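Predicted, not measured: the structure shown is a model, and the values here were computed from it. We count residues from 1, following the sequence as given. Read the numbers this way: they start at 1 and go in the same order the structure lists the ligands and their atoms.
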Amino acid sequence: MIFERFNFSEEIILRAKKAEELCAREFAKIDEIAEWNSGKVHNAFYNNRISEAHLFGTTGYGYGDRGRDALDCVYAEIFGAERALVRSFMISGTHAIATMLFGVLRPGDTALSITGAPYDTLSDVISKSGAGSLADYNINFVKAKLIDGKIDYDALSEALKDKPRMIYIQRSGGYSARSAIGISEIKKVCEIVRATSEKTIVAVDNCYGEFSETLEPCDVGADIIAGSLIKNPGGGIALCGGYIAGKKELVDLAAYRLTSPAIGTKAGATMEFNRGAFQGIYNAPHAVGQALKAAVFASALFEGMGFETAPKYSEQRSDIITAVKCGSPAALLKFCAGIQKGSPIDSFVTPEAWDMPGYQDEVVMASGAFVAGSSIELSADGPMREPYYAYLQGGTIYSTAKIGIMTAAEALC
Ligand SMILES: *Cc1c(COP(=O)(O)O)cnc(C)c1O
């Protein structure tokens, strides 16, 4: 059998077998969601008459790039949006989210995050003095804490009395062990906002959430969303990029910020980007399904070994992340070393913590991926701070992700 090549201990093989047996029900649900979403994506290709010509890119200004325009339409349909902007030159999730915020907000505006402090890399975007942050432009970004990981609806209702310009939701937990905010919660927020402050924009950081449920935030009333193509929607195939989707006028504002006013979505050479972006989104529902299975398996395995995980294997998910509480710097490093060893690229190196740009603490990252830093491929990372959580995500092929996860488990055994 396959495991004989990997020198796993009897104990880990047994634990993995038991964990996998526990996962059967969750796996069946995941397959159903992936099948539904694959159908949705296929339909978007059909409705937009995608053909070979769309896979080739332009150079220079990139005027009249049919592939780029069609890709935007495909994304818009998939994400239940009026318009989408998918670009190789949105370099990351942080860039896409920053573009969304700077595009839409104006001096004097207030944005309220109802999911606590946004992801680490956004902290300087919001407040770093002298860097051209939101604060430098007199844009007020306020954070309402979650209560036991849940949205504080009283605080939301109170804040809406002042008619803030934006309510901001981070769907995934980021570097915190809370569960993701599910689509049903996002729907509830949108309904409350619509009923009490009609013009307030609901914006969602959709990183890691795409295709984990059958609906997306704009399907249930969100006005604008942003995410990264080296996470879920790139399907492990897109080589880089970010996207923004939502109401037409809001996405246009983000496009004016990204390129320049008047040009907006109408220019921007795609060169070799289109093929991978199309193939990636086509593969994404399946890839996310595989990553979700890897996540559920990891929860079951590590719970069985006595570790605290979030979410638990049987809990409802709305992102692909599993947090495993390692408890010490050494254990976090071992965990990441295990994942690295079980990855296709650079499996022979040992990840170390370093001072990554945009992060407040040192961060250790295991990523042995075909696309550098891609976290729809099997990867793990964590800030070097209490209580030393490893955030595990990705795995576009469940069977090999399992080997990586078992290697990490063995390292901690
Ligand atoms: C990854 C992530 C980001 C930032 O994305 P980068 O691509 O790393 O810049 C923002 N928010 C959440 C929830 C994320 O997971």
If the cut-off is 4.0 Å to any non-hydrogen atom of [X], which atoms of ligand 1 fall inside it?
X      : answer
Lys231 : 1 (C), 2 (C), 3 (C), 4 (C), 5 (O), 14 (C), 15 (O)
Ile97  : 10 (C)
Gln170 : 13 (C)
Tyr208 : 15 (O)

Requested in this report: Just need the protein heavy atom nearest to atom 4 (C) of ligand 1, so name the residue and atom and give the distance.
Outcome: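 Answer, as residue, atom name and distance: Thr94 OG1, 3.4 Å.
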Query raised in the report: Considering only protein heavy atoms, which is closest to atom 11 (N) of ligand 1, and at what distance to one decimal place?
Result: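 So the nearest neighbour among protein heavy atoms is Asp205 OD2, 2.6 Å.
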Requested in this report: Could you pull out, from Gly93, Cys207, Gly242, the option with a heavy atom nearest to atom 7 (O) of ligand 1?
Outcome: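 Heavy atom nearest to atom 7 (O) of ligand 1 belongs to Gly93.
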Requested in this report: Kindly determine whether Tyr389 and Tyr175 satisfy ring pair (Phe, Tyr, Trp, His ring centres under 6.0 Å), including the steps that lead there.
Outcome: CA-CA 8 Å; Tyr389 274 107; Tyr175 283 155; over 10 Å; no
Query raised in the report: Is Ser113 close to Val142 at the side-chain level, that is, under 4.5 Å between some pair of heavy atoms?
Result: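 SC-SC contact between Val142 and Ser113 ruled out.
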Query raised in the report: Between Phe141 and Tyr168, how do the two ring planes meet: parallel, tilted or perpendicular, split at 30° and 60°?
Result: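 Aromatic pair Phe141/Tyr168 classed perpendicular.
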**Report entry** Salt bridge present between Glu20 and Lys402 (N-O < 4.0 angstrom)
**Finding:** yes
**Report entry** Salt bridge present between Asp219 and Lys187 (N-O < 4.0 angstrom)
**Finding:** no
Query raised in the report: Are any of the heavy atoms in His95 under 4.0 Å away from ligand 1?
Result: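 False for this residue.
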Requested in this report: Validate the cation-pi geometry between Lys188 and Tyr153: distance from NZ or CZ to the six-membered ring centre under 6.0 Å, angle to the ring axis within 45°.
Outcome: yes
